[in-house]
Every structure is written in structure tokens, then in C-alpha cells.
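Report on the following structure.
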Amino acid sequence: MILSCLDDDPRMERTLRRFAGSLGHEVRFQTTSQALREDLDRQVPDIIVLDLGLGTETGVDVLGWLAEHHRTVPLVFLSGHGDELLDTARRIAQGNGLTVYGVVNKANLVRELPDVLSRRSPPERPKKAYAAQAQDSLTVGGLREALRAGRITPYFQPILSARTLQPVGAEVLARLSLPEGGVLGAGAFIPLAEQSGLIMDLTRVLSERLIELEPQLRPLGLDFLSVNLSAANVEAIGAAAIVKRLVHAFAGSSRIMIELTETAVLPDIQQMRALTTQLRLGGASLAIDDFGIGYSSIRALAELPYDALKIDLSFVAEMFDSEKSANLIASMLHMAHSLNLQVVAEGVETEAQRDRLIEMGVDRLQGYLFGRPVPIEHFAASR
Ligand code: C2E
Ligand code: CA
Ligand code: CA
């Protein structure tokens, strides 16, 4: 492979040449970003190795330029001492559409470089489903029509016990069937439903569909079914009535767990107290969803009667790339367990993530590794 390297410390040139050379790689070494640009314009390398601590220049400017001119060439960052900013730099690079294979500590070059260079493809980064599906846009009229025609369908994704690795529950995720065929993901209509005040209608329609499916769900013997409720535009009494119906319909079959997502259009804490208390009184358990991002706050844990906490999938996605994310998962676990909350990790896509999360003490696991959200027929068939 051809490695184009930028480091303002000329001593690195010898080390890199010797070591990368012994692995059969060609090293082109530059000490200024100007030289790197010229080198890349002459011939595109296979990998760019970048030291961000560049004396007078800032490596961040180089990232901007690379994103504009050589987006497809993967990067490896070199780290020296005290690299608190490396993680942020990696985010800037990835935010600009660049691929980062990893970080190599200069002191551990011999051990770390071969490993990073052997990465064929970048680690897959799960996107928040909202963003991924934003292009499938829908009008308020279209949504209203779908609600009227009952074209909101529950999909089911298994949630496993971390101890037995057997499914103990499922999350119910809304989908919208289009009249011309095809199915829209939640990201294409849930935000619209929240903004337009249709979210209560949607929750009602979805719950009714779910109740119709009870006879098919019962034989699966799931301990619980998780249903999402956005705190946006939700009125406590109405929501509690829906939840009571669900709890009643699934009595003797599965417990109903309500996953609450707080949003920017958050009711004040007084309203949240009313909502959560009503839901608990209605017989449901409560989970705080997407914990660690946005508006799901530690304050809410102190004040509201939650039973479970769902660690946002962005932490799981990054647990091997960002030490901070891994440490935050450990801290969230510690905090949640000290408050007697069950902890669910979402977005588990790899066996390595699964194993590490189990080792860290997570109670439940959910993610594509175990099953994607699917319609009831497929869900029941896979049990
Ligand atoms: P959420 O509650 O955080 O649900 C988890 C989302 O992550 C789901 O996206 C699920 O398909 C996705 N997911 C599950 N495992 C993985 C994985 O391993 N990797 C990745 N990358 N993603 C995974 P979905 O179904 O598109 O839903 C998006 C969001 O829409 C949900 O996020 C939830 O906030 C909202 N939503 C879905 N259904 C409803 C509903 O009935 N009511 C309300 N209020 N919101 C809903
Ligand atoms: Ca959820
Ligand atoms: Ca979530």
C-alpha cells in the first residue's frame, strides 16, 4: 500500500519508513500540510496518516481540505501525548464524510499500525433512524389519511436477556404502509406526527392494532412488550387511557412497558410527573428511552418513576472507537443500577459489542445482531 504521511516531527519519518517498509508499504512523508496537498495532487495514496498536532498549522484545516478534495482516501491518526482532542478530530473527519480507520499511538507504532492498516472497510456506523429515512417525506394530509385508513402497522424487534441470550420481550415500532405498496420507517412520519399534533391519534391506532394481535403474541410467552410514547403533544389523561386498555388487553400475556422519549417540545416537569404517574397507575412499567442524548436527563431519573433505562445506540456504536463512550456506558450502568433500574443496550450490531456489554453488566440487549424489526408473521415464525 502507499501511505502518505503528514507529521511535522521529522524523526517520525525514519520510524515509519523502517517499520511500514518492513511490512511492504511505501511511505511518502511530508512535514507541512502544503507538501501533503501537493503530494496528494500528484498521486492519490491508499491511506493518509495524519498527525494533528502540527506546530503552527492546525490539522483541522487539513481535514476540511481533505473532505473537499480526497474524501475517499481513508485516514489514520497519529497520536502523541495528551490527545484529548483526537476523539473530536475523528468526529470532525467523519462528520465531513471522511473515513477514519483508527488512531495509532506513536509510542506503540509497532503494535498498533499493522492492525489499523489491515482494516479493509471502515466500521459500520449506525445512523439514528430518523436521519436515515428523512427523504421519504410525507405530508400531514397523507399521514391523516393513513391514520384514517388504519395503515399504521406495528413491527416487532426482539429484546434479549443478557444472561440467557433468549428473547424476553419485544419493542413495538410503528410503520406506515403506503397504498401503492411499500412501507415507511418511523423516521418518515413520527416527527411529523409529533409536530402536527397527530401523535396521540397515531398512538391510539397503533395500540388498537396491537390489541388485535394479542392472540398471535400470547403464545410467544414474552415477559413484556415495549411501546413508544413521545412526550411531545401528549396529554397525560388521554395517554393513560390508551395504556390502560393495552395493559388490560395483555393481562396474563405480557407486561406493557412504555418507552418515553422526551423531546424538544417537552412539557414541563410538572406535566412529566403527571404523565409518568398516570402511566404507572395504569399498570405499565416505564423506560427512559435514548438515554444520554438530547433531552432525556439525569434530572428526570431523580424525579420520575422509571423502571428501566435504554442507553442510546450512539454510545454502543462508538464503544470501541471512543474510550469516552465506553466509559460513559459504564457510568450509566453504575448510575442506573444504583437507582434499581434495568438497563437495556440498543443498537447491538456485532458480537464484540454484545460480549463487552454483557461483561459490563447490561441487563438486556437489542439490535440487528439479534433481529431487525419485522411484521408479526415473521416475528412469530422466528420464535
Ligand atoms: P427508538 O425508540 O430509539 O427505536 C430504536 C430504533 O433503532 C428503531 O428505529 C430500530 O429499528 C432501530 N434499531 C434497532 N436495532 C438497531 C441496530 O442494531 N442498529 C441501528 N442502527 N438501528 C437499530 P425505527 O423503527 O426507525 O424508529 C425510529 C424512532 O421512531 C424510534 O427510536 C422512536 O423514537 C420512534 N418511534 C417508532 N415507533 C414509534 C411509535 O409507535 N410511537 C412513537 N412516539 N415513536 C415511535
Ligand atoms: Ca424506543
Ligand atoms: Ca432508543
Side-chain angles (χ1 to χ4, degrees), residues 123-134 136 143 146-147 152-160 169-176 183-210 224-234 239 242-243 246 256-265 275 279 285-296 306 308-319 332 343-354 357 364-375 379:
E124 237 185 85
R125 312 198 57 76
K127 295 185 196 71
K128 182 73 192 165
Y130 276 5
Q133 292 158 348
D136 305 321
L143 176 59
L147 287 169
I152 302 292
T153 313
Y155 272 38
F156 300 85
Q157 185 179 30
I159 299 178
L160 283 74
E171 178 167 2
V172 178
L173 293 154
R175 297 290 182 268
L176 188 151
V183 173
L184 290 186
F189 61 92
I190 294 288
L192 186 67
E194 288 173 356
Q195 289 151 22
S196 61
L198 289 172
I199 190 71
M200 282 294 276
D201 291 335
L202 186 144
T203 309
R204 203 170 291 117
V205 169
L206 189 73
S207 307
E208 292 306 319
R209 290 284 298 125
L210 198 56
F224 65 93
L225 279 173
S226 265
V227 176
N228 289 282
L229 195 69
S230 358
N233 291 324
V234 159
I242 296 175
V243 168
L246 272 176
I256 298 296
M257 165 91 82
I258 299 297
E259 297 191 1
L260 267 182
T261 330
E262 303 178 8
T263 63
V265 244
L275 176 64
L279 297 177
S285 323
L286 286 188
I288 185 163
D289 204 354
D290 301 340
F291 190 77
I293 59 159
Y295 301 86
S296 292
Y306 286 112
L309 178 152
K310 295 190 85 169
I311 296 175
D312 188 69
L313 46 79
S314 59
F315 295 97
V316 175
E318 294 187 342
M319 61 187 293
M332 284 189 252
V343 178
V344 187
E346 323 184 82
V348 182
E349 295 187 348
T350 68
E351 290 172 2
Q353 289 169 341
R354 176 196 66 194
L357 288 164
R364 292 177 191 152
L365 299 159
Q366 177 183 2
Y368 294 163
L369 179 65
F370 314 108
R372 292 185 176 249
V374 288
F379 186 70

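Keep in mind the model is a prediction, meaning the values are calculated, not measured. Side-chain atoms are counted along with the backbone in the values below, which use heavy atoms only and exclude waters and symmetry mates. Counting starts at 1 for both ligands and their atoms, following the listed order.
Among the backbone and side-chain atoms of Asn228, an N/O/S atom is found under 3.0 Å from the Ca ion (ligand 2).
Shortest distance from the Ca ion (ligand 2) to Glu171 is reached at OE2 (N/O/S atoms only). When the Ca ion (ligand 2) is compared with the N/O/S atoms of Glu259, atom OE1 turns out nearest. As for Glu346, its N/O/S atom nearest the Ca ion (ligand 3) is the one called OE2.
Just one residue in the list Leu313, Leu357, Leu160 forms a side chain to side chain contact (heavy atoms under 4.5 Å, CB included) with Val348, and that residue is Leu357. The side chain to side chain contact (heavy atoms under 4.5 Å, CB included) test with Ser226 singles out one residue from Arg364, Gln157, Glu259, and that residue is Glu259.
Of all atoms in ligand 1, listed by their number and element, those nearer than 4.0 Å to a heavy atom of Glu346 are 3 (O), 5 (C). Contact atoms of ligand 1 toward Leu313: 7 (O), 22 (N), 23 (C) (distance under 4.0 Å to a heavy atom of the residue). Annotation for ligand 1: atoms under 4.0 Å from non-hydrogen atoms of Glu349 are 17 (C), 18 (O), 19 (N), 20 (C), 21 (N). Listed by atom number, the atoms of ligand 1 under 4.0 Å from Glu171 heavy atoms are 2 (O), 4 (O). Near Asp290, meaning under 4.0 Å from any of its heavy atoms, are these atoms of ligand 1: 3 (O). Here is the list of ligand 1 atoms found below 4.0 Å of a heavy atom in Leu206: 41 (O). Ligand 1 places these atoms under 4.0 Å from at least one heavy atom of Ile199: 44 (N). Near Arg175, the atoms of ligand 1 lying under 4.0 angstrom from a non-hydrogen atom of the residue are 11 (O), 24 (P), 25 (O).
The existence of a salt bridge linking Lys310 and Glu171 is confirmed by a sub-4.0 Å separation between a basic side-chain nitrogen and an acidic carboxylate oxygen.
Arg175 and Gly185 get closest at one heavy-atom pair: CD-CA, 3.9 Å. Residues Pro375 and Phe156 approach most closely at C-CD1, 4.4 Å, considering heavy atoms. Summarising the geometry of Thr350 relative to Leu369, their closest heavy-atom pair is O-CD2, 3.4 Å, with the distance given to 0.1 Å. Annotation for Phe315 and Gly292: closest pair CZ-O, 3.5 Å, computed over non-hydrogen atoms. Counting all heavy atoms, side chain and backbone alike, Ala239 lies closest to Met200 at N-CE, 3.4 Å.
Ranked by closest heavy atom to atom 13 (N) of ligand 1, the top entry among Phe189, Tyr155, Tyr368 is Tyr368. If you check each of Leu210, Asn228, Ile152 against atom 40 (C) of ligand 1, the one with the closest non-hydrogen atom is Asn228. Of the candidates Pro373, Pro154, Ser207, it is Pro373 that places a heavy atom closest to atom 11 (O) of ligand 1. The heavy atom nearest to atom 24 (P) of ligand 1, out of those in Ala186, Ala188, Ala317, is found in Ala186. For atom 39 (C) of ligand 1, the choice among Ile190, Thr261, Leu229 with the nearest heavy atom turns out to be Ile190.
For Ser230, a nitrogen or oxygen atom sits less than 3.5 Å from a nitrogen or oxygen atom of ligand 1, counting backbone and side chain alike. Remark: ligand 1 and Ala174 share an N or O pair separated by less than 3.5 Å (distance only, no angle test). Considering backbone and side-chain atoms together, Gln157 places an N or O closer than 3.5 Å to an N or O of ligand 1.
The shortest side-chain heavy-atom distance between Val343 and Phe291 does not fall under the 4.5 Å cut-off. Val344 is listed as a side-chain neighbour of Ile159, based on a closest heavy-atom distance under 4.5 Å. By the 4.5 Å heavy-atom criterion applied to side chains, Ile258 and Val243 are counted as neighbours.
Separation of atoms OG1 (Thr153) and CG (Leu206) is listed at 8.5 Å; rounding is to 0.5 Å.
Between the side chain of Gln353 and the backbone N or O of Val316 there is at least one donor-acceptor pair closer than 3.5 Å.
To the nearest 10 degrees, the Ca ion (ligand 3) sees OD1 of Asp290 and OD1 of Asp289 at an angle of 90°.
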